[in-house]
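This structure is a prediction, so every number in the text was calculated from the model and none was measured. Excluded from the calculations below are hydrogen atoms, water molecules and symmetry mates; all remaining heavy atoms, backbone and side chain alike, are included.
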Amino acid sequence: MNLQKVLIYGMGLMGGSLSLAIRDKYPKTKIHAVVRSKKSKESILEKKLADQVLTLEENQKINFEHYDLVVFSTPVASVLNLIPSLPKTGSTIFMDLGSTKQSIVDAVDQHFEDLEHNYISTHPMCGSEQTGPLAALNGLYQDKLCILTKPKHARQTTFDAVKVFWETIGSWTIQMDAKVHDETLAYVSHLPHVISTLLVNVAGKNKTTMEQVSSIPKPITGGGFRDMSRIAGSNAEMWTSIFEENKSFLKNSIDEFISELTNFRELLIDDMTLDESKIHSIWELALKQKETIQKSK
């Protein structure tokens with residue numbers, strides 16, 4: 001991929017980290033950024049994440065054709081608003097970093113209709129509970145999965161170029177259908193964020209727990225709470241957009257989780273002897289499934 005000029009539209013943690021990766025692997029590339037606030041602009045310039053930074057107020061109409069690659073690193077709702085403004089001709093490659101795919105691919109298909117085009121939807125499977133350009137990390141994408149989704153009339157050569165791009169900056173890639181992506185990610189990404197956040201809120205509403213944790217200078221939580229609460233409450237704007245776009249699959253995953261919790265709760269009824277064999281079976285199944293899902297063996 002010829003990368004003389006790249007535009008990163010939205011430069012928080014993900015966009016800023018991508019800029020650092022591009023600077024490392026494509027050192028001659030000029031990087032421009034578009035952000036919403038003057039504060040973000042100042043942070044980006046301070047950290048030297050981009051050669052030129054404009055706020056939306058300063059540049060309301062972008063000439064996308066001036067760039068070899070345009071990356072949309074914003075919430076999905078924002079990406080959906082930008083797609084109708086994209087040129088239908090030219091050599092510029094477009095991609096997003098969106099956490100859901102079906103609505104984006106549908107919007108791309110509707111915009112370009114039967115025309116061949118250069119839009120590929122991508123989802124790098126990495127991140128942090130930190131936000132903003134100052135949270136940008138060197139090596140964030142190294143050895144991480146990036147899922148690639150090809151809209152109906154996207155050029156195969158463009159798909160191949162985007163694949164090479166992600167692999168050049170250190171990620172490994174797979175191709176995934178939009179619907180399959182959204183269903184899978186509801187279970188392995190979106191539901192965990194819901195559970196993590198609600199877990200913290202449940203603990204925070206318990207009077208005894210809060211009296212104890214408020215009375216001492218150091219945490220009394222064990223590793224389980226620490227690990228499960230790490231992602232709680234992260235970037236509400238981004239997650240609200242994800243939940244809106246993936247409501248159906250997320251709701252299904254929540255329903256199934258509630259069913260599992262209800263079944264487990266039934267084991268704790270006061271006048272019944274605890275069924276140790278059932279608990280052992282649940283734990284053993286989880287261990288086996290964890291090894292499969294996380295490729296830990």
Decide salt bridge (charged side-chain N to carboxylate O under 4.0 Å, His left out) for D96 and K101; before the verdict, give the C-alpha distance in whole Å, the side-chain angles of both, and the deciding distance to 0.1 Å.
CA-CA 10 Å; D96 63 83; K101 291 293 159 235; 3.0 Å; yes
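- Under a 3.5 Å cut-off, the side chain of S241 and the backbone N or O of P75 do not form any donor-acceptor pair.
- Remark: E266 CD is packed, more than 12 non-hydrogen atoms of other residues, nucleotides or ligands lying under 6.0 Å away.
- Using a 4.5 Å cut-off on side-chain heavy atoms (C-beta onward), I62 and Y9 make contact.
- A salt bridge is absent between K150 and D160; no separation between the charged side-chain nitrogens and carboxylate oxygens falls under 4.0 Å.
- Looking at T184, its side chain never comes within 3.5 Å of a backbone N or O of H181 through a donor-acceptor pair.
- Residues F249 and V188 do not share a hydrophobic cluster, defined by chaining ILVMFWY side chains whose heavy atoms lie under 4.5 Å apart.
- L3 and L97 end up in the same hydrophobic cluster when Ile, Leu, Val, Met, Phe, Trp and Tyr side chains are linked at under 4.5 Å.
- The pair E237-R36 meets the salt-bridge criterion, with a side-chain N (NZ, NE, NH1 or NH2) lying under 4.0 Å from an Asp/Glu carboxylate O.
- A ring-centre distance under 6.0 Å is found for F94 and F64.
- Across all their heavy atoms, K144 and L140 have their closest contact at CG-O, 3.3 Å.
- Note: H117 and H153 fail the aromatic proximity criterion, with ring centroids not under 6.0 Å apart.
- Formation of a donor-acceptor pair under 3.5 Å by the S17 side chain with backbone atoms of M14 is not found in this model.
- Judged by distance alone, with hydrogens and angles left aside, the side-chain atoms of S196 form no donor-acceptor pair with the main-chain N or O of P192 at under 3.5 Å.
- With a 6.0 Å radius and a threshold of 12 heavy atoms from other residues, nucleotides or ligands, Q110 has its CD atom at or below the threshold.
- Side chain of S214 to main chain of E211: no donor-acceptor pair is present (N/O by atom type, distance under 3.5 Å, no hydrogens or angles).
- Ion pairing of K163 with E167 is present here, as a side-chain N (NZ or NE/NH1/NH2) and a carboxylate O approach within less than 4.0 Å.
- Heavy-atom minimum distance, V35 versus M11: CG1-N, 3.8 Å.
- Note on L250 and I104: separate hydrophobic clusters, where clusters join Ile, Leu, Val, Met, Phe, Trp and Tyr whose side-chain heavy atoms are under 4.5 Å apart, directly or indirectly.
- The environment of K205 atom NZ is sparse: at most 12 non-hydrogen atoms of other residues, nucleotides or ligands sit within 6.0 angstrom.
- Panel note: side chain N246, backbone T100; no donor-acceptor pair is recorded below 3.5 Å.
- Both I83 and V70 belong to a common hydrophobic cluster when Ile, Leu, Val, Met, Phe, Trp and Tyr are linked at side-chain heavy-atom distances under 4.5 angstrom.
- The side chain to side chain donor-acceptor pair (under 3.5 Å) test with N118 is passed by exactly one of T92, T157, T158: T158.
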Steps toward side chain to side chain donor-acceptor pair (under 3.5 Å) verdict (S40, S37)
CA-CA 5 Å; S40 291; S37 70; 3.1 Å; yes
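- Minimum heavy-atom separation, L7 to V34: CD1-CG2, 3.8 Å.
- In this structure, E284 CD and H280 NE2 are separated by 7.5 Å, a value rounded to the nearest 0.5 Å.
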Given side-chain contact (heavy atoms from CB on, under 4.5 Å), test I22 with F165 step by step and report yes or no.
CA-CA 9 Å; I22 292 171; F165 167 79; 4.0 Å; yes
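- Minimum heavy-atom separation, T149 to D177: CG2-C, 4.4 Å.
- Smallest separation of non-hydrogen atoms from S73 and I8: CB-CG2, 4.3 Å.
- Between the H123 side chain and the L148 main chain, no donor and acceptor come within less than 3.5 Å of each other.
- The backbone N or O of L134 lies less than 3.5 Å from a partner atom in the side chain of K47, making a donor-acceptor pair.
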Given side-chain contact (heavy atoms from CB on, under 4.5 Å), test M228 with I195 step by step and report yes or no.
CA-CA 8 Å; M228 288 194 66; I195 294 170; 4.3 Å; yes
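- Between the CG atom in L287 and the CD atom in Q289 there is a gap of 10.0 Å [rounded to 0.5 Å].
- Under the 4.0 Å criterion applied to side-chain N and carboxylate O atoms, D51 and R23 are assigned as salt-bridge partners.
- For CD of E276, the number of neighbouring non-hydrogen atoms (other residues, nucleotides, ligands) closer than 6.0 Å is 12 at most.
- Smallest separation of non-hydrogen atoms from Y119 and P151: O-CD, 3.3 Å.
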Test side-chain contact (heavy atoms from CB on, under 4.5 Å) on F225 and D227; report intermediate values, then the result.
CA-CA 6 Å; F225 188 87; D227 293 345; over 6 Å; no
Yes or no on side-chain contact (heavy atoms from CB on, under 4.5 Å) for I220 and Q212, after CA distance, side-chain angles and deciding distance?
CA-CA 8 Å; I220 61 173; Q212 294 305 307; 4.1 Å; yes
Test log, rule side chain to side chain donor-acceptor pair (under 3.5 Å), inputs D106 and Q102:
CA-CA 6 Å; D106 287 347; Q102 191 64 64; 3.0 Å; yes
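- No chain of hydrophobic side-chain contacts below 4.5 Å, direct or via other Ile, Leu, Val, Met, Phe, Trp or Tyr residues, connects V105 to F112.
- Taking the side chain as every heavy atom from C-beta outward, I242 and W239 approach each other to under 4.5 Å.
- Here Y67 and H32 bring their ring centres to under 6.0 angstrom of each other.
- Using a distance-only test at 3.5 Å, with no hydrogens or angles considered, no donor-acceptor pair links the side chain of S253 to the main chain of L191.
- Side chain of S103 to backbone of E245: no donor-acceptor contact under 3.5 angstrom is found.
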